[in-house]
Structure formats: C-alpha cells, structure tokens
Colleague: 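Handing you a structure now.
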Amino acid sequence: GGAAITAAILNVAGAGDEIVAASTIYGGTYDLFAQTLPPLGINTHFVDPSDPANFEKEINDHTKVVYAETIGNPNANLIDIDAVAAVAHKHGVLVIIDNTFATPYLYRPFEHGADVVVHSATKFFGGHGTTMGGVVVESGKFDYEKSGRYPTFTNPDPSYKDVTWAKLGAGAFTTKIRATVLRDTGASLSPFNAFLLLQGLESLSLRVERHVYNAQRVAEYLSKHPKVAWVRYPGLADSPDHALAERDFPKGVGSIFTFGLKGGEEAGKQLIDNLKLFSLLANVADAKSLIIQPASTTHAQLNDEELASVGITPDLIRISVGVENIDDLLADLDQALAKL
Ligand SMILES: *Cc1c(COP(=O)(O)O)cnc(C)c1O
C-alpha cells in the first residue's frame with residue numbers, strides 16, 4: 001500500500017510541486033508526506049477535511065495532487081469526496097483517494113469524482129493478514145491537456161522513447177507508473193502474493209458484509225457501556241458524520257473505529273490485555289478482530305502537536321472488528337470490561 005501511494009505521487013509530482021492532503025490520514029502516509037517527500041522538494045499542506053473549502057485555500061500553481069481517504073484512519077471520519085473533488089477539478093488538480101478502509105464493496109470513489117484510487121491490498125483485499133500489496137487504479141477520465149498542470153504527461157518523456165503519456169488516454173496514469181516509476185524504483189508483487197490477494201478478493205463481499213454488521217453491533221454495545229467514555233463510529237446516530245454515512249455508505253461504514261474508556265490510557269491498556277478473542281496487532285481489516293492503542297504504536301512517529309492534529313489522544317483505542325460470531329465478540333468485550 002505504501003508503495004502504491006508513493007508511486008502514485010511520484011508519477012505526477014517532483015521537486016517544487018505540492019500536495020494538499022486531509023490531515024486525518026493513515027500514519028505512514030502522513031509521515032511520507034510530512035517527512036520523506038519534503039527533502040525531495042515535494043511539500044504537503046495538511047488541512048482539516050471536514051470543510052471542502054479548506055482544500056481550496058491551499059491550492060496554488062504548484063499543486064499537483066489533492067489527497068484524502070474515504071474513511072479516515074483511525075477515527076473513521078468521513079469526507080464529502082464529491083465536494084472535495086469538485087474543488088480540485090475547478091483548478092484542474094488530480095484527485096487521489098485512498099479507499100483502503102471502505103473497499104469498493106462499500107464505496108466506489110470514481111462515482112464521487114476521484115481520478116486515481118489507491119488501496120493497501122494488505123487489508124481487506126487479502127483479508128487474512130498474510131500478504132502485503134498495493135493497488136493503483138485510474139478512472140481514465142482526467143484531462144491533462146485541459147488542466148495544463150502536468151507537463152510530464154503532456155510533453156514527450158525522454159526516459160521512455162519520447163512517448164507523450166497523456167496521449168494514451170484512459171490508461172495514461174497507470175501506464176506511466178508501470179513504465180517509469182515501477183521500472184525505476186522496483187516495487188513489485190511476487191506471484192504467490194498475487195495469488196493470495198486474488199483468493200482474498202473472492203470472499204471480499206461476504207467478509208465486508210459481516211465486518212460491517214459486527215462493527216455496528218460492537219459500536220452500539222460500547223456506546224451504551226458505563227465504563228466507555230466515547231465512541232467514534234459514523235454508523236452511530238450521534239456521530240457528526242452520520243448524515244454523510246447515510247448518504248454515501250448505505251451498506252455500512254467499515255469496521256475500523258475508535259473509542260476511549262473513562263479510566264483513560266491505563267484502563268485501555270488493561271482492556272487490551274484482558275481480551276481473549278481480540279489480538280493486539282497493528283494491522284487492520286483482518287478476518288480476526290484486532291485492537292491497539294495508536295498513540296504508543298501505529299502513530300508513535302508523530303509528535304504531540306501532530307497527534308492532536310490527526311485527532312489522536314492518549315486514551316484512544318482503535319478496534320478492527322473481524323468476522324467472528326458477534327455473540328463471541330460481545331462476550332469477550334463484556335468479560336474484559338467487567339475486570340476493569
Ligand atoms: C495500511 C494502510 C496503508 C499502507 O499499506 P501497506 O500495505 O501496509 O503498505 C495505506 N493506507 C491505509 C488507509 C492503510 O490502512
């Protein structure tokens with residue numbers, strides 16, 4: 001997934017170019033944009049994605065990409081992608097959407113204005129935490145000539161027999177990635193991993209259907225529990241994103257979300273230790289239920305200020321609800337909470 005995102009960015013951006021990104025993105029991508037790309041001359045403006053106008057404020061002549069995730073990691077915040085894409089397209093800027101947490105079963109970003117979609121196939125596609133991979137897909141509709149912002153697409157490329165990538169039409173973006181970025185940087189999937197990911201895709205719809213059913217039940221259970229301080233899941237009626245969830249996610253809003261305990265960070269650690277069925281793991285979207293405290297693990301590379309800007313507090317627990325029987329999951333949470 002990280003390689004897919006990196007390749008997608010390097011495919012359109014170089015020294016002097018800029019990205020406008022939602023601040024609420026996966027920790028690894030945040031670090032790529034905040035730390036790894038700036039020394040290469042690619043700088044990112046992070047914006048609060050809850051208002052599409054915030055993206056527009058940061059778009060300038062150097063902007064090459066508007067970047068967001070359909071369901072934010074870890075807080076499951078939703079973004080009005082249609083509105084963000086409209087803002088980007090008004091300025092001729094390409095929209096790249098990370099659809100990892102939604103999967104194409106729950107949300108199809110091209111139908112909401114995305115030009116390029118990236119996935120970490122490591123998550124729901126494989127589905128069993130056995131395989132790492134990434135995917136880049138394009139809508140084929142972006143007009144590089146009309147935009148005028150992408151000379152590497154509209155001028156002949158001396159690194160590949162002077163081909164003008166934009167002239168390839170619907171396959172321009174992904175052909176350029178394969179022929180240049182992947183050729184030069186080397187990310188590639190082994191045949192066995194490709195086999196495992198394809199096998200995972202065969203049960204994607206069944207798994208995601210069960211994931212979202214279980215997640216909704218777990219979120220409702222936690223939100224009513226006396227030891228739980230808060231739950232952030234757009235499937236709950238009191239979520240600020242509930243209206244967007246109802247509009248854009250009629251089949252459910254994924255199975256990864258966050259909550260906090262009244263006992264704070266320490267109680268959270270104990271809860272994770274008390275659980276028997278949930279595994280303490282940094283992965284998400286596995287068929288098995290997983291749980292973790294991001295401030296000390298997945299987001300440990302961020303400083304306090306950055307943590308606050310991406311919405312992570314020390315007490316925050318991230319849960320990735322699996323496909324087990326819902327009664328077993330609720331019984332496990334019940335016994336673990338009772339011991340606190
Ligand atoms: C895990 C993840 C990635 C990175 O994918 P890897 O396959 O682990 O490299 C990117 N985006 C999101 C939303 C993720 O959850």
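Just follow the structure's listing: the first ligand is 1, and inside any ligand the first atom is 1. Values reported hereafter were calculated over all heavy atoms of this structure, with side chains retained and with hydrogens, waters and symmetry mates removed. Every value quoted in this text rests on a predicted model; they were computed, and no experiment measured them.
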Colleague: Can you name the residues that form a side-chain contact (heavy atoms from CB on, under 4.5 Å) with Ala83, not counting sequence neighbours?
Modeller: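 Expected list: Pro52, Asp80.
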Colleague: Does Asn303, at its CG atom, have more than 12 non-hydrogen atoms belonging to other residues, nucleotides or ligands within less than 6.0 Å?
Modeller: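 More than 12 heavy atoms, drawn from other residues, nucleotides or ligands, come within 6.0 Å of this atom.
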Colleague: Hey, which residues fall under 4.0 Å of ligand 1 on heavy atoms?
Modeller: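 Close residues (ligand 1, cut-off 4.0 Å): Gly1, Gly2, Ile5, Tyr26, Glu69, Asn73, Asp98, Thr100, Phe101, Ser120, Thr122, Lys123, Met132, Gly133.
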Colleague: Checking Lys251 now: which residues fulfil side chain to side chain donor-acceptor pair (under 3.5 Å) with it, not counting sequence neighbours?
Modeller: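 Counting only residues at least two positions away or on another chain, Lys251 forms no side chain to side chain donor-acceptor pair (under 3.5 Å).
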Colleague: Could you label the plane-to-plane angle of the Tyr160 and Trp165 rings as parallel, tilted or perpendicular, counting under 30° as parallel and over 60° as perpendicular?
Modeller: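 Rings of Tyr160 and Trp165: tilted, as their planes differ by 30° to 60°.
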Colleague: Could you tell me whether Arg210 and Glu324 make a salt bridge, using a distance below 4.0 angstrom between a side-chain N and a carboxylate O?
Modeller: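 Looking at Glu324 together with Arg210, the answer is no, because their closest N to O distance does not fall below 4.0 Å.
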Colleague: In a table with atom names and distances, give each donor-acceptor pair under 3.5 Å that connects a side chain of residues 222-230 to protein atoms at least two apart or in another chain.
Modeller:
unit_1	atom_1	unit_2	atom_2	d
Ser223	OG	Ala219	O	3.3
Ser223	OG	Glu220	O	2.9
His225	ND1	Lys227	N	3.0
Lys227	NZ	Leu337	O	2.9
Lys227	NZ	Leu340	O	2.8
Trp230	NE1	Asp315	OD2	3.0

